[in-house]
Amino acid sequence: MKQFWLMKSEPDAFSFDDLQAKGKQGEPWDGVRNYQARNHMQNMKKNDLVLFYHSSTKPAGVVGIAKVIKESYPDFTALEPESKYFDPKSDPENPRWFMVDIVFQKHIKRLVTLKEIKANPALSEMQLVTHSRLSINQVTEQQWDEIIKMSELS
DNA sequence: GCCAACGTTGGC
DNA sequence: GCCAACGTTGGC
């Protein structure tokens, strides 16, 4: 069964254009230090599709589509003391944090803003709305279709 | 830059 | 196991 996700990024740090520039090699999604978000990553399967979301920007919203190309594996930055994501409590024998690799898939026709998502009753159950601080969200197929539909309306 | 919401930590 | 203190996220 195909699964759908939404991943947030601050475009100043890493944007959808940056992901596209990475080409086929994609990008390891390091630095996630929240258990719920980690659990979502551990459930991701190769070829699952991802809504790429820009946060802390004007306006915030979904900017494009990415795809999972590597399933979860330990986030090595948690074990590197010189990394800004270093977690002294993460044990190399039993890693606490994981990451996945994602790759650019395609652009959508236009930005779908958070404001529009919040205004759409069909999307009131989205984790993006109900768990606004969670950086990696699960998306249902119906929600996915609705967002894509919105992106195709001018 | 502010601040509300909320996840995490640590003392007890 | 409770909960106050603290840190972070993210919209505005």
Side-chain angles (χ1 to χ4, degrees), chain A residues 3-22 26-44 48-68 71-105 107-140 142-144 146-151 153-154:
Chain A
Q3 302 180 100
F4 302 94
W5 310 94
L6 179 148
M7 295 169 84
K8 296 181 187 174
S9 186
E10 295 191 23
D12 287 349
F14 191 83
S15 70
F16 192 55
D17 285 344
D18 292 333
L19 183 65
Q20 182 171 23
K22 289 282 180 171
E27 174 75 2
W29 212 250
D30 62 4
V32 173
R33 297 291 178 269
N34 168 281
Y35 291 104
Q36 233 182 317
R38 179 205 66 183
N39 293 346
H40 280 330
M41 284 200 293
Q42 290 181 309
N43 287 327
M44 287 182 185
D48 281 355
L49 294 174
V50 176
L51 294 171
F52 199 97
Y53 178 95
H54 279 173
S55 64
S56 299
T57 186
K58 26 60 197 170
V62 174
V63 291
I65 297 173
K67 188 172 77 169
V68 176
E71 295 179 8
S72 73
Y73 58 105
D75 181 345
F76 51 82
T77 63
L79 305 172
E80 295 174 336
E82 64 279 7
S83 169
K84 64 174 170 173
Y85 297 125
F86 178 61
D87 179 0
K89 292 180 185 160
S90 191
D91 172 6
E93 299 301 313
N94 184 21
R96 174 187 290 211
W97 304 115
F98 288 77
M99 56 189 177
V100 297
D101 288 4
I102 62 170
V103 70
F104 171 87
Q105 180 79 357
H107 289 287
I108 55 177
K109 289 204 178 116
R110 66 170 184 89
L111 174 78
V112 177
T113 66
L114 177 62
K115 191 177 174 189
E116 292 175 83
I117 291 170
K118 283 182 169 171
N120 185 337
L123 300 176
S124 62
E125 303 292 312
M126 276 191 84
Q127 281 194 329
L128 181 68
V129 177
T130 62
H131 296 79
S132 62
R133 296 187 33 195
L134 187 60
S135 65
I136 300 184
N137 302 346
Q138 200 160 25
V139 175
T140 67
Q142 290 79 3
Q143 291 163 351
W144 177 277
E146 185 67 20
I147 298 277
I148 300 303
K149 199 167 85 184
M150 289 164 81
S151 75
L153 300 172
S154 47

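Labels below follow one simple rule: chain letters A, B, ... track the order of the sequence lines, proteins then strands, and each chain is numbered from 1.
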Whole angstrom value for the distance that separates [atom2] of [N] from [atom1] of [X]:
X      : N      : atom1 : atom2 : result
A/K58  : B/dG1  : NZ    : P     : 16 Å
A/H131 : B/dC6  : NE2   : C1'   : 10 Å
A/K118 : C/dG10 : NZ    : C1'   : 10 Å
A/I136 : C/dT8  : CD1   : C1'   : 16 Å
A/Y85  : C/dT8  : OH    : P     : 12 Å
A/N34  : B/dT9  : CG    : P     : 11 Å
A/L114 : C/dT9  : CG    : P     : 17 Å
A/N137 : B/dC6  : CG    : P     : 14 Å

Of the options [options], whose atoms approach the side-chain atoms of [X] most closely?
X      : options                : answer
A/K89  : C/dG11, C/dG10, B/dG10 : B/dG10
A/R133 : B/dT9, B/dA5, C/dG11   : B/dA5
A/R96  : B/dT9, B/dT8, C/dG10   : B/dT9
A/K8   : C/dG10, B/dT9, C/dG11  : C/dG10

With the threshold set at 4.0 Å, does a side-chain nitrogen-carboxylate oxygen contact exist between A/D87 and A/R96?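 Looking at A/R96 together with A/D87, the answer is yes, because their closest N to O distance falls below 4.0 Å.
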
Would you check, one step at a time, whether the test side chain to side chain contact (heavy atoms under 4.5 Å, CB included) holds for A/I147 with A/M126? CA-CA 11 Å; A/I147 298 277; A/M126 276 191 84; 4.1 Å; yes

Would you kindly compare A/R33 and A/S132 by the position of their nearest DNA chain B nucleotide and give the one closer to the 5′ end?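 Looking at the nearest nucleotide for each, A/S132 comes out on the 5' side.
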
Side chains of A/V62 and A/I117: closer than 4.5 Å at any heavy-atom pair?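 Answer yes - side chains close enough.
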
Do A/S90 and A/R33 have side-chain N/O donor and acceptor atoms under 3.5 Å apart?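 Side-chain D/A pair, A/S90 to A/R33: absent.
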
Quick one: label A/S55 by what it contacts on the DNA or RNA (base, sugar-phosphate, nothing), any heavy atom closer than 4.0 Å.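 Answer is sugar-phosphate: A/S55 comes under 4.0 Å of backbone atoms only.
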
Any donor-acceptor N/O pair, A/S9 side chain to A/F14 backbone, under 3.5 Å: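 Looks like yes, one N/O pair under 3.5 Å.
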
Distance below 4.0 Å between A/Y53 side-chain N/O and C/dT9 OP1 or OP2: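 No, no such contact exists.
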
